[in-house]
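Structure first, commentary second.
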Number of protein chains: 2
Amino acid sequence: MSLTQRMLDSAKAKADSKANARENITIAGAGPVGTLLAVILARHGHPVKLYESRPDSRIKSIYQGKSINIALSDRGWLALEAIGLDKVVKQQAIAMQKRVMHAVDGTITEQAYGTESQAIWSVSRAGINEQLLDLAEQEPLVEVKFDQRLVDVDFNNASASFMHEQNIEKVSADLLFGADGAYSKVRRLAQETPRFSYNQSYMPQSYIELHIPANEDGSFKMAKNALHIWPRKKFMLIALPNPDGSFTCTLFLDFQGEVSFASLTERADVEQFFETHFADAMPLLENPIDEFMEKTANPLFLVKVDPWAINEKVALIGDAAHAMVPFYGQGMNCGFEDCRELGQLIAEHHHDWSKIFPAYQAQRKINADAITELAKRNFVEMSELSGQASFLLQKKIEAEFHKRHPELWTPLYSMVTFSPHLPYSQALAIGDIQQEIIQQIMQIPNIESCWQDDFVYQKLLQLVHAVFNDKQKNLSINKQQQGQSHD
Amino acid sequence: MSLTQRMLDSAKAKADSKANARENITIAGAGPVGTLLAVILARHGHPVKLYESRPDSRIKSIYQGKSINIALSDRGWLALEAIGLDKVVKQQAIAMQKRVMHAVDGTITEQAYGTESQAIWSVSRAGINEQLLDLAEQEPLVEVKFDQRLVDVDFNNASASFMHEQNIEKVSADLLFGADGAYSKVRRLAQETPRFSYNQSYMPQSYIELHIPANEDGSFKMAKNALHIWPRKKFMLIALPNPDGSFTCTLFLDFQGEVSFASLTERADVEQFFETHFADAMPLLENPIDEFMEKTANPLFLVKVDPWAINEKVALIGDAAHAMVPFYGQGMNCGFEDCRELGQLIAEHHHDWSKIFPAYQAQRKINADAITELAKRNFVEMSELSGQASFLLQKKIEAEFHKRHPELWTPLYSMVTFSPHLPYSQALAIGDIQQEIIQQIMQIPNIESCWQDDFVYQKLLQLVHAVFNDKQKNLSINKQQQGQSHD
């Protein structure tokens with residue numbers, strides 16, 4: 001070791017020890033993102049108070065028999081690996097290697113998500129949250145409290161007031177994180193601070209959850225290792241498997257309009273609706289008509305804010321910073337990525353929050369914006385395109401080209417889902433270029449019969465080189481592609 | 001008159017008389033838009049209560065010596081004509097036929113806004129507001145109340161609570177309009193209603209007002225009939241004339257960053273800033289350093305919402321529905337256009353508000369979105385491009401081509417400002433196509449010396465025909481252009 005190196009190391013050690021009394025941090029919201037964040041911050045030496053407005057689901061059931069599922073993919077796994085929880089979670093997770101599309105006439109088609117070894121994973125939101133809470137409570141620096149409703153935040157000093165059984169406690173801290181989800185109270189309070197840009201936009205669709213029970217012997221009524229879709233263009237039904245042999249289904253349908261939650265109020269109309277569009281699912285679903293009549297449709301909305309960190313004291317993370325629609329299955333994955341990358345920035349900037357917060361916003365907002373956009377676009381892919389032969393063919397051609405030239409082409413879905421080191425923003429940019437190219441390939445006469453011929457892939461290769469040269473992006477794109485092909 | 005026609009007329013008269021008891025309407029906000037709206041609604045037979053949170057400026061000065069100016073253009077005049085107030089307002093207005101650009105070295109260049117007979121008009125916001133209030137109070141159906149702070153709105157029945165001297169009055173009505181400006185309370189309360197999409201985004205710039213007094217003899221210190229700009233790329237100073245010989249100036253500057261309101265806190269730095277960038281304005285400005293040091297910079301932000309009308313009971317109008325930045329001088333013009341078109345829709349739909357509100361939103365939101373976008377883009381045009389010779393040349397070429405082929409080309413600025421029957425959204429769309437075309441003309445070698453040659457305009461003509469044919473938009477664009485060339 002050189003003298004210079006030793007001097008640098010010594011200076012660094014001194015700086016680290018000087019900042020030895022780590023900032024106290026309050027986290028509002030002990031959902032999956034807030035709890036993961038608590039573990040990461042504690043392991044960086046920060047005392048953490050993790051406050052949750054709801055009761056502890058491990059003691060008191062708060063889900064009313066509902067099982068909300070989440071599609072966990074490589075970005076989420078990478079974050080769980082970083083805290084050593086991936087193996088525990090995987091025990092309760094079900095791999096979904098493919099989409100299974102159910103046409104109106106009952107015809108079934110399939111589409112692999114990636115290569116044979118790649119899958120997205122169906123996990124229970126409650127389950128993963130409880131596994132994270134168990135871990136957080138083992139951290140000496142983490143204190144978890146439930147039934148604590150956030151009442152107020154002081155954005156100048158990061159203190160927050162929580163109400164518990166009519167008593168209000170003022171919690172002082174050096175920093176506060178709002179990890180309190182799509183309906184974040186921290187964010188709503190932040191709207192009152194100066195120069196806070198805010199965007200909340202509703203999708204035309206709303207949703208309700210439905211249920212397909214297991215067979216009497218506990219086996220699955222449909223293919224287990226798949227995400228099932230009934231694509232009906234303006235609306236769709238999807239189903240994700242649960243470990244008990246059941247499926248949790250979600251019906252996405254316009255909130256108002258000709259065929260919508262608002263128009264379907266008569267029982268006979270609802271029966272007609274299901275019989276017409278979901279005949280093959282009817283024998284599987286448990287009381288869909290009753291469920292439809294009884295349930296209130298949940299809205300879908302996107303949230304964007306700027307800044308993510310206020311006064312270098314209070315920051316938003318996860319859905320609180322970037323609520324998105326569920327059509328790419330990336331909401332929790334993105335929130336977990338927020339936490340993992342924040343942890344890296346803490347190390348990189350030696351706990352200097354005046355550097356960490358700006359870097360956190362600069363690094364994460366562009367990517368959250370990108371996945372929010374991709375998720376919004378993906379409704380059309382799921383509800384409409386996935387039911388079209390030409391779209392499935394396009395995906396096959398992309399998969400084949402990827403196999404031949406993995407360094408030149410990774411399908412967009414794989415970049416988002418299976419390339420956890422490729423930023424979402426780059427996946428979006430590359431995906432848009434790919435789309436231009438593949439559209440030209442789809443114009444080849446009789447492509448549906450000749451798609452496996454070599455000349456198709458030679459043309460694709462030419463187009464890729466031409467576009468990359470033309471746009472003078474050759475180098476950077478190749479670098480990105482290589483970066484993510486090693487994932 | 002045919003029998004059928006007579007029967008139709010009779011049916012219409014019956015329908016009209018049936019709805020003879022017109023809906024009672026509350027308007028929150030008696031600024032220029034709310035007051036114009038009150039007059040228009042009253043003239044359509046609606047009893048109107050117009051409530052304003054501030055005192056009556058005609059009795060008690062509320063502007064603290066500030067004179068806020070507004071650039072009134074043809075859309076605004078059209079609305080004022082419709083209520084017969086244009087002549088009164090024009091007596092106090094000053095025509096601005098051109099931009100006058102002041103370079104750093106003091107060089108002055110000019111750019112006409114349109115043809116010789118066209119101008120935008122500098123009016124005092126307080127003055128036009130008071131003229132509108134005088135008119136509104138002459139309407140038998142309008143009741144105006146001041147010092148009434150809006151406290152709450154019931155979006156189900158359009159009742160609103162106003163506080164006056166600590167007393168809260170609940171005002172019942174059939175309909176409520178929120179005309180309460182960029183910081184609208186009605187809109188803030190509407191955010192609590194279900195499925196309300198909301199977007200508020202801050203610009204990097206903020207602003208303060210400065211002042212150039214008249215000469216001792218009451219004459220103007222600079223050219224009177226002009227909007228003066230000191231374009232400095234990242235920031236700029238502008239000045240609008242007042243009838244008393246003074247100019248109201250606005251300094252637009254980044255809120256934070258290297259050169260910004262946040263960085264300029266020391267008096268010496270502020271002096272240096274003005275001396276370096278606005279040397280030629282310094283002898284004209286009244287205490288700019290003191291003003292800069294004392295004043296708090298005002299933020300600039302855009303607001304978009306959806307829906308504009310809630311439960312067919314409460315609607316937003318003017319800045320409350322679409323706050324924009326001031327760089328196109330269209331904020332009040334757009335608000336006035338909202339009112340004028342709403343009046344037309346009331347007549348068209350015979351006071352059937354279940355039809356008026358959806359039509360109002362469909363017709364106005366797309367245009368408010370367009371002018372909001374154009375206004376945002378125009379900062380660059382004002383602060384940077386207007387100081388560039390190539391940009392001024394482009395404007396000259398456009399003006400010349402417009403003179404040769406008025407049916408084919410009207411410059412974007414004129415479409416927005418002098419073509420009040422052309423929707424903003426079409427101006428934006430046509431403007432984008434024009435921009436593509438004119439960029440090609442600017443590539444002609446030595447265009448700065450040959451720009452008056454015929455071949456330039458022949459090429460321009462070819463390009464226009466090619467693009468329009470290519471995009472198969474020939475017919476619709478020509479129609480739009482012809483429509484607005486008659487304005």
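The closest donor-acceptor contact from the side chain of A:Ser201 to the backbone of B:Ser197 lies at 3.5 Å or more, if one exists at all.
Heavy-atom neighbours of A:Lys365 NZ from other residues, nucleotides or ligands within 6.0 Å: above the threshold of 12. Shown here is B:Gln439, whose CD atom has more than 12 heavy atoms of other residues, nucleotides or ligands within 6.0 Å. The local environment of NZ in B:Lys355 is sparse, with at most 12 non-hydrogen atoms from other residues, nucleotides or ligands closer than 6.0 Å. Under a cut-off of 6.0 angstrom, the local environment of CD1 in A:Ile168 is crowded, with over 12 non-hydrogen atoms contributed by other residues, nucleotides or ligands. A 6.0 Å sphere centred on CD of B:Glu266 holds no more than 12 heavy atoms belonging to other residues, nucleotides or ligands.
Contact annotation for residues 312-325 of chain B against chain A (heavy-atom separation below 4.5 Å): no residues qualify. Among residues 174-192 of chain B, the residues having any heavy atom closer than 4.5 Å to a heavy atom of chain A are, in sequence order, B:Arg188, B:Gln191, B:Glu192.
Heavy-atom distances place no part of B:Pro307 under 4.5 Å from chain A, backbone and side chain included. Both the backbone and the side chain of B:Tyr198 come within less than 4.5 Å of a heavy atom of chain A.
Shown here are the side-chain contact (heavy atoms from CB on, under 4.5 Å) partners of A:Phe255, two or more places apart in sequence or in another chain: A:Ser206, B:Arg195. B:Glu52 meets the side-chain hydrogen bond (donor to acceptor under 3.5 Å, both in side chains) test with no other residue; sequence neighbours excluded.
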